[in-house]
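Keep in mind that this is a model prediction, so the values were computed, not measured. Below, read A as the first sequence line, B as the second, and so on, with proteins coming before strands; counting in each chain starts at 1.
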Protein chains: 2
Amino acid sequence: MSLKYAVLAALLEGEASGYELSKVFDVSLANFWPATPQQLYRELERLAGDGLIEARTVPQERRPTKRLFSLTEAGREQLGDFAAEPTRRPTAVRDEFLIKMQAMDGVDPAAVRALVEERRAWALGKLARYERVRERLLDGRTEQEHLREADRVGPYLTLAAGIAFERENARWCEHVLTVLDGRRTPAGPAGQPLG
Amino acid sequence: MSLKYAVLAALLEGEASGYELSKVFDVSLANFWPATPQQLYRELERLAGDGLIEARTVPQERRPTKRLFSLTEAGREQLGDFAAEPTRRPTAVRDEFLIKMQAMDGVDPAAVRALVEERRAWALGKLARYERVRERLLDGRTEQEHLREADRVGPYLTLAAGIAFERENARWCEHVLTVLDGRRTPAGPAGQPLG
DNA sequence: AGAAGCTACTGAACTATTTGAATAGGTGTG
DNA sequence: CACACCTATTCAAATAGTTCAGTAGCTTCT
């Protein structure tokens with residue numbers, strides 16, 4: 001049900017085709033509402049049918065024709081209503097990796113370590129990408145300037161949430177690696193390393 | 001597909017009924033793999049059919065009869081295999097609230113503030129519950145002792161991830177409230193407050 | 001005494017999401 | 001020139017997840 005509003009919110013940035021949206025979702029919105037291209041195309045169809053967005057067909061020279069969608073007044077209004085309502089659903093995190101961590105005690109420590117290191121690398125990669133988006137958003141201003149004066153601060157603040165999340169993720173991975181180190185030689189009464 | 005392993009991992013704590021699991025999922029596992037009771041009952045049926053868990057019926061005096069499920073050797077093995085494999089799916093966060101934040105710039109600031117304050121309260125509440133679970137897990141030991149010596153550290157570490165996540169959440173909310181304060185009187189050239 | 005709420009589970013219908021593939025022309029690499 | 005990958009979209013099928021309701025006896029509050 002919320003994909004609808006995620007799409008409307010994405011179109012606040014300006015008109016976009018399904019394909020372009022699927023790229024946007026991949027980098028920024030996916031942070032809090034992931035969607036596959038198929039979902040987006042279907043949702044765009046539905047929203048256009050409901051008159052919340054409108055489409056215009058744009059033929060291109062060396063590319064397939066695309067359909068650009070933009071918010072209608074009705075769409076903008078419904079999005080505004082939604083955004084002012086109290087939130088129904090709490091955050092839902094689905095994380096296969098944390099299931100593995102929950103069950104890690106029956107597993108070869110080297111395999112666990114590999115998993116955690118992979119996750120850490122992935123978090124740091126995402127962080128680097130977010131930072132680049134952030135530079136683009138700030139466009140030379142400082143954070144303070146931007147947050148005080150910009151027309152829209154929503155996108156910056158959600159990005160900041162993503163950054164904090166991935167930073168925390170990486171930190172957690174480092175903590176786990178330390179813990180794994182501390183358990184390599186199970187501590188005897190004197191805590192003497194074995195070899 | 002991962003609900004399967006989430007259930008198996010939950011049963012590492014010992015045998016449980018569907019109903020009990022639905023409570024466990026509500027407080028701890030829901031942190032990284034939410035599931036409704038209906039999903040759990042269906043999944044338990046499937047897992048029992050596949051021989052990964054086994055059921056025993058326990059009649060009770062003043063309550064309906066319940067079926068307690070526990071891991072079989074086959075189940076334990078499949079869970080171990082899964083937990084050692086590289087992770088296929090990256091973390092998926094679905095957060096209606098952040099969609100609202102993305103779109104917040106067209107909305108009455110008082111309504112936004114109310115939303116953020118609600119979210120902050122909710123994060124702090126969850127944090128308090130997590131801290132209680134943490135005390136119970138540590139059972140008088142310090143974190144260091146527990147992490148070095150306990151048989152299982154997985155549950156503690158995933159809990160720590162949940163704690164870090166909610167802490168970050170609350171911090172982010174506070175940041176947003178500060179930003180909203182800074183924008184109440186849009187800064188003119190001289191930055192003179194208007195009220 | 002009546003209402004609400006908990007334990008414990010089941011069923012059916014519905015909506016959402018994922019996966020795989022197909023179409024069709026264009027660009028870039030070796 | 002073969003091959004892989006990009007733009008841009010659509011279709012079909014399968015799997016996953018949500019919602020609503022119902023059964024049935026018990027406890028707790030008013």
Side-chain angles (χ1 to χ4, degrees), chain A residues 1-8 10 15-27 29-30 32-50 53 55-69 87-96 99, chain B residues 1-8 10 15-27 29-30 32-50 53 55-69 87-96 99:
Chain A
M1 199 77 267
S2 298
L3 176 57
K4 170 179 169 178
Y5 299 105
V7 169
L8 294 177
E15 63 178 1
S17 68
Y19 189 79
E20 284 158 2
L21 272 188
S22 79
K23 299 296 156 192
V24 170
F25 265 73
D26 231 34
V27 295
L29 252 347
F32 50 88
W33 208 277
T36 59
Q38 287 73 7
Q39 268 179 284
L40 293 173
Y41 283 116
R42 235 176 316 157
E43 197 61 43
L44 286 167
E45 221 50 67
R46 212 176 310 175
L47 290 170
D50 293 350
I53 61 179
R56 68 188 180 98
T57 301
V58 178
Q60 296 176 106
E61 285 210 353
R62 301 160 179 284
R63 306 240 161 262
T65 296
K66 63 182 175 180
R67 287 209 300 156
L68 287 181
F69 296 90
T87 307
R88 296 169 196 292
R89 252 170 284 282
T91 318
V93 176
R94 283 220 152 76
D95 195 343
E96 204 182 278
I99 299 177
Chain B
M1 199 75 271
S2 298
L3 176 57
K4 171 178 171 179
Y5 299 105
V7 169
L8 294 177
E15 62 178 3
S17 68
Y19 190 78
E20 286 159 0
L21 273 186
S22 78
K23 298 295 156 193
V24 170
F25 266 77
D26 233 33
V27 295
L29 249 349
F32 50 88
W33 208 275
T36 61
Q38 286 73 5
Q39 266 179 287
L40 291 173
Y41 285 117
R42 237 178 312 161
E43 195 64 39
L44 286 167
E45 222 48 69
R46 212 177 308 175
L47 290 170
D50 293 351
I53 61 179
R56 71 190 178 95
T57 301
V58 178
Q60 295 175 107
E61 285 208 354
R62 302 163 178 283
R63 305 239 163 265
T65 297
K66 63 181 174 182
R67 287 208 300 157
L68 288 180
F69 297 90
T87 306
R88 296 168 194 293
R89 251 170 286 280
T91 318
V93 176
R94 282 220 152 73
D95 195 340
E96 204 181 279
I99 298 176

For DNA chain D, the residues among residues 89-96 of chain B that have a non-hydrogen atom under 4.0 Å from it
none

Between C1' on dA8(D) and CD on Glu15(A), what's the gap in Å once rounded to a whole number?
16 Å

Taking only side-chain N and O atoms of Thr65(B), does any of them lie within less than 4.0 angstrom of OP1 or OP2 on dA8(C)?
no

Between Trp33(B) and Asp95(A), is there a side-chain heavy-atom distance shorter than 4.5 Å?
no

If you find the nucleotide of DNA chain D closest to Gln60(A) and the one closest to Leu3(B), which residue's nucleotide is nearer the 5' end?
Gln60(A)

Nearest-nucleotide pick for Thr36(A), side chain only, options being dT9(D), dC9(C), dT18(C):
dT18(C)

Quick check: does any side chain N or O of Ser17(A) sit under 3.5 Å from a backbone N or O of Glu20(A), one acting as donor and the other as acceptor?
yes

Would you mind reading off the distance between Lys23(B) atom NZ and dA8(C) atom P, rounded to a whole angstrom?
10 Å

Considering the options Val7(B), Leu3(B), Leu44(B), which one meets the side chain to side chain contact (heavy atoms under 4.5 Å, CB included) requirement together with Gln39(B)?
Leu3(B)

Please confirm whether the backbone N or O of Pro34(A) pairs with a side-chain atom of Arg94(B), one donor and one acceptor, at under 3.5 Å?
yes

Any donor-acceptor pair under 3.5 Å between the side chain of Gln38(B) and the base of dT10(C)?
yes

Quick check on DNA chain C: between Lys66(B) and Arg63(A), whose nearest nucleotide comes earlier from the 5' end?
Lys66(B)

Heavy atoms within less than 4.0 Å of DNA chain C: which residues of residues 41-49 of chain B have one? Give them sorted by number.
Tyr41(B)

Measuring to OP1 and OP2 of dT18(D), would you say a side-chain N or O of Gln39(B) lies under 4.0 angstrom away?
yes

Any side-chain N or O of Tyr19(A) below 4.0 angstrom from OP1/OP2 of dT9(D)?
no

Look at Ser17(A) and dT9(D) and indicate whether a side-chain polar atom (N or O) is within less than 4.0 Å of OP1 or OP2.
yes

Which heavy-atom pair separates Phe25(A) from Ala35(A) by the least distance, and what is that distance?
CD2-CB, 3.9 Å

Once you round it to whole Å, what is the distance between P of dT7(D) and CG of Leu21(A)?
14 Å

For Ser2(B) and Glu96(A), does a side-chain donor sit closer than 3.5 Å to a side-chain acceptor?
yes

Point-to-point distance, once rounded to the nearest 0.5 Å, from CG of Leu68(B) to OH of Tyr19(B):
14.5 Å

Please state how far atom CG in Leu40(B) lies from atom P in dC9(C), giving the value in whole angstrom units.
11 Å

Return the CG to CG distance between Leu21(A) and Leu40(A), rounded to the nearest 0.5 Å.
6.0 Å

With a 4.0 Å cut-off on N to O distance, would you call Glu45(B) and Arg67(B) a salt bridge?
yes

